[in-house]
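Read through the structure below, which is laid out as structure tokens, and then see the notes.
Values reported hereafter were calculated over all heavy atoms of this structure, with side chains retained and with hydrogens, waters and symmetry mates removed. Quick note on labels: first sequence line is chain A, next is B, and so on, each numbered from 1.
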Amino acid sequence: MTEENKTSSNFIKNIVDADNESGKFDNRVHTRFPPEPNGYLHVGHAKSICLNFGLADEYGGKTNLRFDDTNPTKEETEYVEAIKADIKWLGFEWDNLFFASDYFDQLHAWAIRLIKEGKAYVDELSADEMREYRGTLTQPGKNSPYRDRPVAESLDLFERMTNGEFPDGAMVLRAKIDMASPNFNFRDPVMYRILHAHHHRTGDKWCVYPMYDWAHGQSDSLEGVTHSICTLEFENNRPLYDWFIENLDIYAPQQIEFARLNLSYMMTSKRKLKQLVDTGVVNGWDDPRMPTLSGMRRRGFTPRSIRNFCDTIGVARANSVVEYAMLEHALRDDLNQIAPRAFAVLDPVKVVITNYPEGKVEEIEVDTYPQDKENSETHVVPFSREIYIERADFMEVPVPKYRRLIPGREVRLMRAYLVTATDVVKDEDGNITEVHCTYDPETFGGNAVDGRKVKGTLHWVSAQHAVPVEVRSYEHLFTAENPSDAPEGGSGELDWTANVRDNSLTVTTAYVEPDLANAKAGDVYQFQRNGYYVADPDSEPGKPVFNRTIGLRDTWAKK
RNA sequence: UGCGGUGUCGCCAAGUGGUAAGGCAGCGGACUUUGAAUCCGCCAUUCAUAGGUUCGAAUCCUAUCACCGCAGCCA
């Protein structure tokens with residue numbers, strides 16, 4: 001894909017440039033995006049996707065999509081399909097589609113080779129015992145009593161593990177490296193564990209499954225990946241991956257770690273997001289409040305806005321938290337360019353134009369894309385004697401610098417007429433129920449023949465023609481800038497759920513121009529002077545439901 | 001406490017010995033039939049701190065401090 005703005009320099013590109021200079025990989029650039037199919041993709045993954053696919057795109061290389069499906073107890077086909085759909089939606093195409101499970105046979109054969117070479121052994125220590133033997137941060141570990149058992153015995157046991165002769169947890173296959181290493185990953189890491197579980201692709205073929213550490217590096221190697229980009233927490237694992245590659249004497253990719261994305265007010269932990277879904281805090285993975293790609297899509301984010309966002313935040317090795325405002329900027333920037341404009345009144349107050357003929361209806365032609373000089377498309381909005389305007393657009397007693405409608409002041413009804421407020425009608429509680437105005441018939445279109453100016457321009461909707469629609473508005477799912485920064489819960493663990501906002505969804509009725517009644521799921525609009533909205537999949541023919549994607553910038557309200 | 005990392009404007013982030021890019025946010029102002037968009041201007045004598053090397057240091061050296069990650073048969 002070719003994007004208008006290429007990202008600026010970053011340390012990964014510097015590495016690739018240097019590698020191309022030295023010919024390290026024969027000028028090949030081959031990346032991969034390796035999700036585990038145990039949940040839906042979120043913004044954090046978008047950063048990784050844009051990085052991997054973007055790098056290959058920029059250097060004329062390739063990118064594989066590889067599902068790291070080494071743990072059958074957590075992974076499901078539903079997730080692989082959703083992940084594929086999200087990547088495509090973002091606008092990327094993988095060159096090859098692989099699964100770590102494609103390599104189960106090869107990995108198994110390699111494991112046997114390592115056993116034969118005395119570099120791996122079957123250990124019968126229990127999980128608890130293994131933890132004790134592993135040592136601590138300051139103390140070296142101890143060798144397992146099974147560490148030096150005969151090769152033939154390990155071979156036999158591993159074969160029987162594979163055949164399913166032992167129950168889960170009875171024994172594991174471990175690499176024989178160094179129990180005293182300051183790097184824990186070298187303290188005889190587990191390569192295989194027994195899992196009598198059904199795998200989403202290999203079915204019941206296997207009773208032993210490779211650990212991620214034993215599968216990942218070799219998968220990259222097998223695929224000819226050049227730059228294996230992953231997040232910071234795998235930095236300590238890199239020496240282990242290199243050890244496996246070296247001892248297997250196979251092609252060596254270069255792993256590069258970068259800092260994962262953290263966004264203020266957003267939770268980017270698959271585990272915790274799954275909890276929100278499972279406990280019903282949100283209505284599924286694609287709830288518009290979720291930071292998942294499917295949730296953002298439903299909320300009205302565009303693929304381009306997310307890609308642009310990823311480009312502007314950059315890539316580095318320092319942990320950081322990006323302000324939500326950055327994402328908002330990217331969103332508004334794209335939506336502003338593409339969204340058709342429409343009239344919609346979110347919180348109505350009736351306006352009666354007393355000198356406008358009763359029963360008369362005029363068709364007002366308005367630009368659908370006023371922001372786009374190249375697009376002259378227009379549509380028609382009916383105008384009549386009684387209309388709705390926003391409650392906030394009229395004030396009986398104005399605040400300073402208020403430039404909207406007040407008694408005696410003339411303002412413009414967008415693309416229609418200039419009107420002047422004359423009276424206010426209230427109910428017994430003093431609430432304004434109607435505003436009476438007069439209009440100047442000579443101002444059709446919104447301009448006075450004598451050239452007089454008005455300070456305010458309001459959007460409106462004809463009362464008898466307006467269509468009531470459901471509007472869903474959202475606030476951050478979390479009240480804390482850092483959702484994980486939580487008070488301690490009962491179990492001694494941090495109870496991040498205490499940060500979940502309990503009123504993050506608000507449902508209201510808005511009155512929209514007639515054309516919007518036919519909006520189809522996914523249609524985006526800018527409700528003039530208000531914000532961007534998208535028709536939700538819950539919409540039915542003639543009965544659209546709109547999600548508020550994001551409001552317009554409002555520098556007036558801030559003051 | 002062992003090992004591996006990271007510290008440049010409120011938030012991201014370039015910079016790789018030659019004298020601090022850019023974006024977001026913010027603040028002024030212009031324009032405006034969206035208080036939007038657009039446009040103009042302002043916004044780090046200073047790069048965690050302290051020393052040192054050098055004609056010259058955010059970049060090299062030394063020490064210190066702070067923060068992150070690693071002790072799953074998770075990834």
For this session: Go through the N and O atoms of the side chain of R529(A) and the base of rG35(B), and report whether any donor-acceptor pair is under 3.5 Å.
Result: no
Exercise. Hey, which of W206(A), F104(A), F158(A), Y209(A) is the one that makes ring pair (Phe, Tyr, Trp, His ring centres under 6.0 Å) with Y192(A)?
Worked result: F158(A)
Problem set entry | R553(A) vs rA37(B): side-chain N/O to OP1/OP2 distance below 4.0 Å | yes
Seminar exercise, completed: Considering only heavy side-chain atoms of Q528(A), the closest of rA75(B), rA14(B), rU34(B) is rU34(B)
Problem set entry | Side-chain N or O of S320(A) closer than 4.0 Å to phosphate OP1/OP2 of rA13(B) | yes
Exercise. NA contact type, Y417(A), heavy-atom cut-off 4.0 Å: base, sugar-phosphate, or nothing?
Worked result: nothing
Seminar exercise, completed: Counting primed atoms, P, OP1 and OP2 as sugar-phosphate and everything else as base, the B/S/- map of nucleotides 65-72 of chain B against protein heavy atoms under 4.0 Å is ---SBBBS
Exercise. Looking only at N and O atoms, is any donor in the side chain of N530(A) or the base of rU34(B) less than 3.5 Å from an acceptor on the other one?
Worked result: no
Seminar exercise, completed: For I115(A) and S154(A) the tightest heavy-atom approach is CG2-CB, 3.7 Å
Problem set entry | Spacing of the C1' atoms in rC3(B) and rG10(B) (rounded, Å) | 34 Å
For this session: Classify the nucleic acid contact of D168(A) as base, sugar-phosphate or nothing, counting any heavy atom under 4.0 Å across all strands shown.
Result: nothing
Problem set entry | K47(A) NZ - rC12(B) C1' separation (whole Å) | 9 Å
Exercise. Among side-chain atoms of T162(A) and E159(A), is any donor-acceptor pair under 3.5 angstrom?
Worked result: no
For this session: Would you classify V321(A) as touching base, sugar-phosphate or nothing, given that sugar-phosphate means primed atoms plus P, OP1 and OP2, and contacts are heavy atoms under 4.0 Å?
Result: sugar-phosphate
Exercise. Which value, in whole Å, describes the distance between the P atoms of nucleotides rC12(B) and rG51(B)?
Worked result: 28 Å
For this session: Ignoring hydrogens and angles, state whether a donor on the side chain of T378(A) or D367(A) is under 3.5 Å from an acceptor on the partner side chain.
Result: no
Exercise. Closer than 4.0 Å, any side-chain N/O of R317(A) to the OP1 or OP2 of rG5(B)?
Worked result: no
For this session: Report which part of the nucleic acid K270(A) touches: base, sugar-phosphate, or nothing (heavy-atom distance under 4.0 Å, all strands).
Result: nothing
Exercise. For S181(A), which contact category applies under a 4.0 Å heavy-atom criterion: base, sugar-phosphate, or nothing?
Worked result: nothing
Problem set entry | Interatomic distance where CG belongs to L458(A) and P belongs to rA36(B) [whole Å] | 15 Å
Exercise. Among K142(A), R147(A), K176(A), which residue meets the salt bridge (charged side-chain N to carboxylate O under 4.0 Å, His left out) test with D188(A)?
Worked result: R147(A)
For this session: Give the ring-plane orientation class for F244(A) versus W214(A), where under 30° counts as parallel, over 60° as perpendicular and anything between as tilted.
Result: perpendicular
For this session: Assign Q526(A) to base, sugar-phosphate, or nothing according to its heavy-atom contacts below 4.0 angstrom with the strands shown.
Result: base
For this session: Just name whichever nucleotide pairs with rG2(B), Watson-Crick or G-U, keeping both distances under 3.5 Å, else none.
Result: rC70(B)
Problem set entry | Of the listed nucleotides rG15(B), rG35(B), rC24(B), the one nearest the side chain of W556(A) | rG35(B)
Exercise. With sugar-phosphate meaning primed atoms plus P, OP1 and OP2, does N447(A) contact a base, only sugar-phosphate, or nothing at under 4.0 Å between heavy atoms?
Worked result: base
For this session: Show your working on ring-ring contact (aromatic ring centres under 6.0 Å, His included) between Y388(A) and W460(A) and close with a plain yes or no.
Result: CA-CA 6 Å; Y388(A) 291 128; W460(A) 49 271; over 10 Å; no
For this session: Name the orientation class of the two ring planes belonging to F343(A) and H459(A) (parallel below 30°, tilted from 30 to 60°, perpendicular beyond 60°).
Result: tilted
Exercise. Contact class for R415(A) (heavy atom, under 4.0 Å): base, sugar-phosphate, or nothing?
Worked result: base
Exercise. Between T231(A) and R260(A), is there a donor-acceptor pair closer than 3.5 Å when you use the side chain of the first and the backbone of the second?
Worked result: no
For this session: State whether a side-chain donor-acceptor pair under 3.5 Å links Q526(A) with Y532(A).
Result: yes
For this session: Determine the contact category for R187(A): base if any of its heavy atoms lies under 4.0 Å from a base atom, sugar-phosphate if only primed atoms, P, OP1 or OP2 are that close, otherwise nothing.
Result: nothing
For this session: Sort out the partner of rU38(B) for me: Watson-Crick or G-U wobble, both distances under 3.5 Å, none otherwise.
Result: rA30(B)
Seminar exercise, completed: note: R548(A), atom CZ; rA36(B), atom P; distance rounded to Å ~ 15 Å
Exercise. What's the closest nucleotide to the D554(A) side chain, out of rA75(B), rA25(B), rG35(B)?
Worked result: rG35(B)
For this session: Mind listing the residues from residues 366-377 of chain A sitting with a heavy atom below 4.0 Å of RNA chain B? Number order is fine.
Result: none
For this session: Whole angstrom is fine here: how far is it from CD in Q255(A) over to P in rG5(B)?
Result: 13 Å
For this session: Could you tell me whether rG72(B) is syn or anti, where syn means a glycosidic angle within 90 degrees of zero?
Result: syn
Seminar exercise, completed: The residue among K274(A), K270(A), R271(A) that forms side chain to side chain donor-acceptor pair (under 3.5 Å) with N38(A) is K270(A)
Exercise. Rounded to the nearest Å, what distance is computed from the CZ atom of residue F309(A) to the C1' atom of nucleotide rA25(B)?
Worked result: 14 Å
Exercise. Base, sugar-phosphate, or nothing for A127(A), non-hydrogen atoms under 4.0 angstrom?
Worked result: base
Exercise. Where the side chain of R403(A) is defined as all heavy atoms beyond and including C-beta, which of rU34(B), rC74(B), rU32(B) is the nearest nucleotide?
Worked result: rU32(B)
Problem set entry | Any strand: nucleotide that pairs with rA75(B) via Watson-Crick or wobble, under 3.5 Å | none
Exercise. To the nearest Å, how far apart are N237(A) CG and rA75(B) P?
Worked result: 11 Å
For this session: Tell me which nucleotide among rG35(B), rA37(B), rU34(B) gets nearest to the side chain of T555(A).
Result: rG35(B)
For this session: For N14(A) and for R412(A), find the nucleotide of RNA chain B with the closest heavy atom, then tell me which residue's nucleotide is more 5'.
Result: N14(A)
For this session: Just call it for L125(A): base, sugar-phosphate, or nothing, with non-hydrogen atoms closer than 4.0 Å on any strand.
Result: base
For this session: Return no unless some side-chain N or O of R260(A) is found under 4.0 Å from OP1 or OP2 of rU6(B).
Result: no
Exercise. With a 4.0 Å cut-off on heavy atoms, is R238(A) in touch with a base, just the backbone sugar-phosphate, or nothing at all?
Worked result: nothing
For this session: Consider the side chain of S9(A), meaning its heavy atoms from C-beta on, and name the nucleotide among rG15(B), rA13(B), rC24(B) that approaches it most closely.
Result: rG15(B)
For this session: Over 60° means perpendicular and under 30° means parallel, so classify the ring planes of Y533(A) and F546(A), tilted if in between.
Result: perpendicular
Problem set entry | Distance-only donor-acceptor test (3.5 Å): side chain E323(A), base rG10(B) | yes
Exercise. Under 3.5 Å, is there a donor-acceptor pair between the N237(A) and D213(A) side chains?
Worked result: yes
Seminar exercise, completed: 5'-most contact on RNA chain B (nearest-nucleotide basis), D68(A) vs V322(A), goes to V322(A)
Exercise. Does rC65(B) pair with anything, Watson-Crick or G-U wobble, both distances under 3.5 Å, and if so, with which nucleotide?
Worked result: rG7(B)
Exercise. Does H459(A) make a side-chain N or O approach to OP1 or OP2 of rU34(B) shorter than 4.0 Å?
Worked result: no
Problem set entry | R238(A) to Y241(A) six-membered ring, cation-pi geometry met (6.0 Å, 45°) | no
